[in-house]
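Keep in mind that the numbers below use all heavy atoms, side chains included, and drop hydrogens, waters and symmetry copies. Not measured: the values here are computed from a predicted model.
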Amino acid sequence: MTDLSASTNNINILLAFPMLIRQIILFLLLFPAVSQAQLPSDFKTLAERIKSGEVKMVSGCLLQSPRHTAEYYLSSKKGLLWTNGGALAKAFPELLKAILQSEKHGLNPERYHLTKLSNPQALSNNDLDLLATDAFFSQAIHRSSGAVFTQKLDPDWHLIPLQKNPTEVLNQLSNSGNGVLSTLDALWPHHPEYMALLAERNRIVGLGKNIAVQIPPGPVLKPGVSNERVTLLKTRLLGPGEHSNGYDDSLRIAVVSFQEAAGLEADGIVGQATLDMLNATPASFIDKIDANLERWRWLPHELPPVMLRVNIAAFQLRAIQNNENAFSMKVVVGKPYRNTPVFTETLKYMEINPYWNVPHKLATADKLPMLKTNPSDLEKQGFEVQIPPSDKYVPLSRVDWSKVSRRSFNYQLRQKPGVHNALGQIKFMFPNKFSIYLHDTNDKKLFNKQERSFSSGCIRLSEPIKLAQWLLGNESRMEEAGNIDAMIEKGKTVRIHLNRPVPVYIVYFTAFLDDTGNISFRKDLYLRDKAIITELRKAD
C-alpha cells in the first residue's frame with residue numbers, strides 16, 4: 001500500500017511539469033546516472049583513500065601520480081579502463097610497450113610498474129587498472145616535463161618545467177582514435193639536440209660493455225715520467241702495439257688533442273680530470289646522456305627561433321637565428337662556489353662604456369678587504385662610492401674604511417668606464433633577480449683557457465662587439481651596428497634599446513651537440529649530474 005502511494009505521488013509530481021521536463025525526469029528515474037555505479041564500490045573506496053593520501057601503494061608499487069589517478073576515476077564516467085572490457089583494455093599491451101621503450105630515453109621502466117603489469121594474472125582487476133592508469137599518467141608527465149625535477153634536486157635550475165595535464169592526454173587518446181604509443185611519443189621533446197643525444201645513446205648502447213684500456217689511479221702523468229701507467233696511456237690513445245714506458249712528445253700531442261676534444265685544460269698533463277675522462281666507460285657516457293636528456297625535458301618544448309643560449313658547462317654562447325646557429329663564442333662563467341644560475345630572461349638593451357655598480361655581496365666580500373688595506377689602488381682603477389643619503393658618487397677617500405665592517409657596509413660602490421672597468425667596453429642587460437648579465441672583460445687572456453669558470457656569476461664574452469652588431473643587424477639598424485667602435489672610442493656611456501628584445505636562455509648541459517654536429521661531453525663543473533642520475537635510476 002505504501003509503494004502504491006509513493007508511485008501515485010511520483011506520477012502526480014510529474015503531471016505538474018511541462019511535457020519536455022516530464023520526459024527528462026522520467027528518463028532519470030528509469031535510467032539513473034551510472035558514472036559512479038560503473039566503479040566497483042571497493043574500487044571507489046580505494047580511489048578515495050588514494051586521493052586523501054591515506055594509500056600510497058598498490059600491490060607493493062608506489063604510485064607516481066596518485067592524485068591524478070584517483071581524481072580521474074572518481075570523476076570519470078568510464079569506470080575501469082584497462083580491464084574487464086574497459087575502453088582501453090585492447091590497448092594494454094601497447095602501454096607495456098611504451099613503458100619499455102621509455103628506457104631508451106633514460107627512464108627506468110620499473111618506475112612505471114613494468115614487472116607487475118607484465119604479469120596481470122597476479123593482480124586483481126582493481127589493482128591492475130589503477131597501476132596501468134598511474135603508469136600512463138606518469139609517462140605523460142615525465143615525457144613532457146621531466147621525471148625527477150625538483151628545486152631541491154638542483155637549486156640553481158630556475159627554468160621550471162610546465163607540467164602537462166595527464167587527464168587531458170588520456171581524454172585526447174580516447175577521443176582521437178590514436179594509439180597509446182603515438183599519443184605518448186608525441187610528448188617527448190623533438191628538438192634536434194634531444195634527438196641527437198638519443199641517437200648517440202643508442203650508438204653507445206650498441207657498443208655493448210666494451211671498455212677501453214683503463215689506467216689505474218696514481219701520480220700525474222707528464223713528459224719525463226716513465227712507468228707502466230704510461231704504457232697503458234699510450235695503448236689507450238695511440239692504439240695497440242709495442243710501446244715504451246716513457247712519456248714522449250708523440251704521447252703529449254695525443255694527450256693535448258684528447259684534452260681539447262673533451263673541453264679540458266690542454267696542458268698535456270694527465271691529472272684527475274683527464275684520467276676520469278680517459279677511463280669513462282659506455283655506462284658512464286650513458287649516465288651523462290641520460291642526465292642531459294632529462295634536462296631537455298625541463299625546458300620548453302618550443303624554443304624561440306631567435307635567441308641567445310649560454311651553456312655554462314661548455315663555456316659557450318650561441319646566437320640562434322631561424323632555429324639555426326648563427327655563430328658561437330667563448331665565455332667565462334661563475335666559479336663553482338659562485339655558480340651561474342640556470343634561468344631565462346629577455347635581453348632589452350646594451351650599454352656602451354658602462355659603469356659597473358658593484359653588487360653588495362661582492363662589495364663586502366671582495367672589495368672591502370682591499371678598501372681597508374689600500375683604497376688608493378681601487379681609486380686608480382676608477383672606483384668611487386655613494387654615501388647615504390646622498391645620491392652623488394665621491395672619491396673613496398671620503399670614507400674611513402677601517403671603521404666599516406661587512407655588517408655596517410651601507411655604501412654603493414661603482415667603477416667608472418675605462419680600461420680598468422671589469423665590464424669592459426659593453427654590457428648586455430636582461431634584468432633579472434640574480435643580477436646576471438653578459439659583458440665584455442678587460443682580462444682577455446682567460447679565453448685562452450679550456451675551462452673558464454672565473455667570474456662571480458656573470459658571463460664574460462670573448463666577442464662582445466660581434467654580438468652587439470648581430471643584435472642591431474637583426475633589426476636592420478646597420479648604421480648603429482657600424483658605429484659601435486666609434487661610440488666606444490668617445491668614452492661616453494650610451495644606452496641602446498632593442499626594438500625586438502631577444503630571449504636569453506642560460507642552461508647547463510654536460511653532453512650536447514657541438515658546432516661540428518657531433519655529441520661532446522664536458523666535465524660536470526658544478527657537480528649536478530650525479531643527483532639527477534641517482535633519481536632517474538630509482539624504481540617505483
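Leu232 pairs with exactly one of Leu237, Asn227, Ile215 by the side chain to side chain contact (heavy atoms under 4.5 Å, CB included) rule, that one being Ile215. When each of Phe521, Phe315, Trp296 is checked for a ring-ring contact (aromatic ring centres under 6.0 Å, His included) with Phe509, only Trp296 meets the rule.
The residues Arg500 and Glu475 are annotated as not salt-bridged, no charged nitrogen and carboxylate oxygen being separated by less than 4.0 angstrom. Ion pairing between a basic and an acidic side chain is recognised when a charged N comes within 4.0 Å of a carboxylate O; Asp267 and Lys222 show no such pairing. Looking at Arg201 and Asp287, no side-chain N of the basic residue comes within less than 4.0 Å of a carboxylate O on the acidic one, giving no salt bridge. Using a cut-off of 4.0 Å between Lys/Arg side-chain N and Asp/Glu carboxylate O, Lys97 and Glu94 are scored as not salt-bridged. No salt bridge links Lys288 with Asp290; every basic N to acidic carboxylate O contact stays at or beyond 4.0 Å.
Between Trp298 and Trp157, the ring planes are perpendicular. Angles over 60° get that label, and only those under 30° would be called parallel. Below 30°, between 30° and 60°, or above 60°: for Phe383 and Trp356 the angle between ring planes is above 60°, a perpendicular geometry.
With 3.5 Å as the limit, one finds a donor-acceptor pair spanning the side chains of Ser244 and Lys234. Under the 3.5 Å distance criterion, with hydrogens and angles disregarded, no donor-acceptor pair is assigned to the side chains of Gln101 and Asp185. Residues Thr510 and Asp529 have side chains that bring a donor and an acceptor to within less than 3.5 angstrom of each other. Side chains of Asn108 and Glu103: no donor on one and acceptor on the other come within 3.5 Å. Donor-acceptor pairing under 3.5 Å is recorded for the side chains of Asp276 and Gln272. With 3.5 Å as the limit, one finds no donor-acceptor pair spanning the side chains of Asn442 and His420.
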Review point. Stepwise, does the ring-ring contact (aromatic ring centres under 6.0 Å, His included) test hold for Phe430 with Tyr437?
Key: CA-CA 6 Å; Phe430 41 105; Tyr437 42 92; 7.8 Å; no
Practice item. Go through the steps to decide whether Ser138 and Arg111 satisfy the test side-chain contact (heavy atoms from CB on, under 4.5 Å), and finish with yes or no. Key: CA-CA 9 Å; Ser138 302; Arg111 186 184 288 265; over 6 Å; no
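The minimum heavy-atom distance linking Ala261 with Arg522 is given by the pair O-NH1, 3.1 Å. The shortest heavy-atom contact between Leu368 and Ser405 is CD2-C, 3.7 Å. Closest approach of Trp188 and Arg143 over heavy atoms only: NE1-NH1, 2.9 Å.
A cation-pi contact, defined as under 6.0 Å to the ring centre and within 45° of the axis, links Arg528 to Tyr508. The cationic group of Arg309 does not satisfy the cation-pi geometry with Tyr505, failing either the under 6.0 Å distance to the six-membered ring centre or the 45° limit from the ring axis.
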